[in-house]
Student: 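I have a structure here, written as structure tokens, and I will follow up with some questions on it.
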Amino acid sequence: MSTNTSPSANASAAVVPEPLVHGPLTRTDLVRYQGASGDFYAIHHDEPFARAAGLPAPLALGMFSAGLLATWATDWLGVDAVRRYRVRFAAQVFPGDTLTCTGQVTREYEQDGEARLDLELTCSTQSGAVAVQGWATFVAGRSPKPEEQA
């Protein structure tokens with residue numbers, strides 16, 4: 001059951017934190033993420049392969065950008081508070097790009113006995129292109145654990 005409530009159970013949740021800015025991305029960032037994820041497709045690290053595919057350089061893994069976006073949200077509201085997270089990949093990201101992650105609260109309500117927040121999230125490049133668009137639901141009123149704020 002879902003019930004709209006206002007104001008939020010966590011007044012600080014309405015205060016959106018500063019954007020997370022990461023970059024410029026390096027080839028090392030891409031290769032390190034490939035190692036962590038186990039995705040070793042050559043288009044993400046091999047210059048001649050990427051160029052043969054019509055790209056200007058190796059392509060950053062979409063999940064890298066989606067992970068940065070999730071980090072911005074969980075640093076704010078806490079990992080334990082996540083109830084839903086989904087993304088849509090929109091623009092390509094390459095070494096040299098700087099990514100900016102931010103979001104906004106789009107809905108505050110109660111469901112299953114929990115005060116919840118729906119978020120709309122955006123990870124953009126320095127040119128303003130949206131690389132990843134995301135949507136998430138968090139439990140309101142939880143604070144990140146100290147180890148989550150590192």
Side-chain angles (χ1 to χ4, degrees), residues 1-45 55 57-150:
M1 181 168 160
S2 178
T3 309
N4 282 329
T5 60
S6 200
S8 169
N10 179 9
S12 67
V15 179
V16 177
E18 291 295 315
L20 169 66
V21 178
H22 184 83
L25 295 179
T26 65
R27 304 262 173 118
T28 301
D29 290 328
L30 304 186
V31 171
R32 290 171 108 181
Y33 189 83
Q34 279 190 285
S37 71
D39 178 349
F40 295 104
Y41 186 47
I43 206 161
H44 300 300
H45 66 267
L55 299 171
L59 176 66
L61 293 85
M63 290 305 293
F64 178 84
S65 304
L68 287 175
L69 196 54
T71 297
W72 178 83
T74 57
D75 282 355
W76 171 26
L77 297 166
V79 172
D80 291 342
V82 178
R83 291 296 176 266
R84 183 176 179 186
Y85 181 71
R86 66 186 176 102
V87 297
R88 182 181 65 82
F89 302 111
Q92 296 175 331
V93 176
F94 298 98
D97 284 340
T98 296
L99 300 174
T100 301
C101 299
T102 192
Q104 62 184 354
V105 175
T106 59
R107 182 174 171 221
E108 301 177 27
Y109 58 101
E110 188 171 308
Q111 183 175 335
D112 299 328
E114 297 177 320
R116 295 191 181 189
L117 302 171
D118 283 349
L119 307 178
E120 194 167 292
L121 308 165
T122 306
C123 176
S124 302
T125 66
Q126 71 281 355
S127 69
V130 175
V132 179
Q133 185 175 13
W135 301 267
T137 299
F138 281 79
V139 175
R142 294 194 181 184
S143 297
K145 295 176 183 174
E147 64 271 13
E148 293 174 358
Q149 296 177 343

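Counting from 1, the numbers follow the sequence of the chain as shown.
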Student: Partners of D118 by salt bridge (Lys or Arg N to Asp or Glu O under 4.0 Å), sequence neighbours excluded?
Tutor: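 Scan of D118 (salt bridge (Lys or Arg N to Asp or Glu O under 4.0 Å), adjacent residues dropped) gives R107.
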Student: Checking S124 now: which residues fulfil side chain to side chain donor-acceptor pair (under 3.5 Å) with it, not counting sequence neighbours?
Tutor: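 With neighbours one apart ignored, the set is empty.
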Student: List the residues meeting side-chain contact (heavy atoms from CB on, under 4.5 Å) with R32, not counting sequence neighbours, and say none if there are none.
Tutor: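 Checked R32 against side-chain contact (heavy atoms from CB on, under 4.5 Å); matches are T28.
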Student: For L121 and A136, work out which heavy atoms get closest and say how close.
Tutor: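 Nearest heavy atoms, L121 then A136: CD1-CB, 4.0 Å.
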Student: Rounded to the nearest 0.5 Å, how far does CZ of R116 lie from CD of E110?
Tutor: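 Interatomic distance, E110 CD to R116 CZ, rounded to 0.5 Å: 9.5 Å.
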Student: Side chains of residues 62-73: which donor-acceptor pairs under 3.5 Å do they make with residues two or more places apart or in other chains?
Tutor:
| from | atom 1 | to | atom 2 | distance (Å) |
| --- | --- | --- | --- | --- |
| T71 | OG1 | G67 | O | 2.9 |
| W72 | NE1 | E18 | O | 2.9 |

Student: Please list all pairs passing the side-chain hydrogen bond (donor to acceptor under 3.5 Å, both in side chains) test where one or both residues lie in residues 86-97, with sequence neighbours left out.
Tutor: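 Those involving residues 86-97 are R88-Q133, D97-Q126.
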Student: Quick one: side-chain contact (heavy atoms from CB on, under 4.5 Å) partners of A91, sequence neighbours excluded?
Tutor: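 A129.
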Student: Atom OG1 in T106, atom CD in E120: separation rounded to 0.5 Å?
Tutor: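 If I round to the nearest 0.5 Å, the distance is 6.0 Å.
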Student: Which pairs, with at least one residue in residues 33-42 and sequence neighbours excluded, count as a side-chain hydrogen bond (donor to acceptor under 3.5 Å, both in side chains)?
Tutor: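 Pairs touching residues 33-42 that pass the test: Q34-H45.
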Student: Checking side chain to side chain contact (heavy atoms under 4.5 Å, CB included) between F94 and each of L25, L55, T125, which is the one that passes?
Tutor: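 The residue from L25, L55, T125 that satisfies side chain to side chain contact (heavy atoms under 4.5 Å, CB included) with F94 turns out to be L55.
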Student: Enter the distance from L117:CG to Y109:OH here, rounded to the nearest 0.5 Å.
Tutor: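 One finds 8.5 Å between CG of L117 and OH of Y109.
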Student: Report yes if the side chains of R83 and E114 come closer than 4.5 Å at any heavy-atom pair, otherwise no.
Tutor: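 With C-beta onward as the side chain, the pair touches.
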Student: Quick one: do L20 and D75 satisfy side chain to side chain contact (heavy atoms under 4.5 Å, CB included)? Show the steps, please.
Tutor: CA-CA 10 Å; L20 169 66; D75 282 355; 5.8 Å; no
Student: I want to check something: taking the side chain as every heavy atom from C-beta on, are F138 and V82 in contact at a cut-off of under 4.5 Å?
Tutor: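 Of all side-chain heavy-atom pairs linking V82 with F138, at least one is under 4.5 Å.
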Student: With a 4.5 Å heavy-atom cut-off, do V105 and L119 have their side chains touching?
Tutor: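 When only atoms from C-beta onward are counted, L119 and V105 do touch, with a gap below 4.5 Å.
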Student: Heavy atoms, side chains only, cut-off 4.5 Å: are P95 and T26 in contact?
Tutor: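 No; the side chains remain at least 4.5 Å from each other.
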